[in-house]
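Heads up: the structure comes next, in structure tokens.
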Amino acid sequence: MNRRTVLKVLGSTAAMFTANTKWGAEVTPDTDEKATTLDAGPLDAFEQDKVYEQFRDQGVLLIRRGEEVFALSPICTHRGCKVRAQDDNSFLCKCHKSRFDVDGKVMNGPAVTDLLRLKVKLSADRHVLVRVLKPKTTG
Ligand code: FES
């Protein structure tokens, strides 16, 4: 295999990765001065169909579902406590018992607004980068 063939194979692998990996909806404003970028580490460190909350204190719940990777803010939309992942992959806010599904949609109030989706992208070295709003929490 010559150099040109190797580059062609690498190029098609990268294109396949991009085509097969879905990234969550991007709603974190790019222009928000209070936002920072969290490097969550290599994509390969995240198994499919799991919720990762090791970045909860940094304002990120990371979810990998099949080929889809997306992130939610852990800040409850009721009064700002932090939610926690449950065994069924829903998120519970212990302050007033609001519950959200794995997509961040309200299942039970008092919250009436879904969890905020954060912008997620893959860096050139295959790290998951999440645009994070600085948390303002009470719990
Ligand atoms: Fe979460 Fe009230 S702050 S339910």
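All ligand and atom numbering here is 1-based and tracks the order in the structure.
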Return the option from Cys81, Ser98, Ala111 holding the heavy atom at the smallest distance from atom 4 (S) of ligand 1.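 The nearest heavy atom belongs to Ser98.
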
Does a side-chain heavy-atom distance below 4.5 Å link Ile75 with Lys82?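 The answer is yes; the side chains approach within 4.5 Å.
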
Checking one value in my table: which N/O/S atom of His96 lies closest to atom 2 (Fe) of ligand 1?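 Among the N, O or S atoms of His96, the one closest to atom 2 (Fe) of ligand 1 is ND1.
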
Between atom 2 (Fe) of ligand 1 and His78, which N, O or S atom of the residue is the nearest one?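 Restricting His78 to its N, O and S atoms, the minimum distance to atom 2 (Fe) of ligand 1 goes to ND1.
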
Looking only at the SG atoms, are Cys76 and Cys95 under 2.5 Å from each other?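 Answer is no, sulfur atoms not closer than 2.5 Å.
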
Restricting to N/O/S atoms, is Cys76 within less than 2.8 Å of atom 2 (Fe) of ligand 1 or not?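 No, Cys76 does not qualify, because none of its backbone or side-chain N, O or S atoms lies under 2.8 Å.
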
Would one find an N, O or S atom of Cys93, in either backbone or side chain, under 2.8 Å from atom 1 (Fe) of ligand 1?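 Given the 2.8 Å cut-off, Cys93 counts as a ligand of atom 1 (Fe) of ligand 1.
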
For Ala45, is there any backbone N or O sitting under 3.5 Å from a side-chain donor or acceptor partner on Glu47?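 Not confirmed, Glu47 side chain does not pair with Ala45 backbone.
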
Find all atoms of ligand 1 within a distance of less than 4.0 Å from any non-hydrogen atom belonging to Arg79, and give their numbers and elements.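 Counting from 1, the qualifying ligand atoms are 3 (S).
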
Would you list the atom pairs, donor with acceptor, under 3.5 Å between side chains in residues 98-106 and any protein atom, with sequence neighbours excluded?
unit_1: Ser98; atom_1: OG; unit_2: Ala111; atom_2: N; d: 2.8
unit_1: Arg99; atom_1: NH1; unit_2: Ser90; atom_2: OG; d: 2.7
unit_1: Asp101; atom_1: OD1; unit_2: Asp103; atom_2: N; d: 2.9
unit_1: Asp101; atom_1: OD1; unit_2: Gly104; atom_2: N; d: 3.1
unit_1: Asp101; atom_1: OD1; unit_2: Lys105; atom_2: N; d: 2.9
unit_1: Asp103; atom_1: OD1; unit_2: Arg65; atom_2: NH1; d: 3.0
unit_1: Asp103; atom_1: OD1; unit_2: Arg65; atom_2: NH2; d: 2.8
unit_1: Asp103; atom_1: OD2; unit_2: Arg65; atom_2: NH1; d: 3.3

My understanding is that only residues two or more places apart in sequence, or in another chain, count here; which of them pass salt bridge (charged side-chain N to carboxylate O under 4.0 Å, His left out) with Asp39?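 Result, salt bridge (charged side-chain N to carboxylate O under 4.0 Å, His left out) vs Asp39: none returned.
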
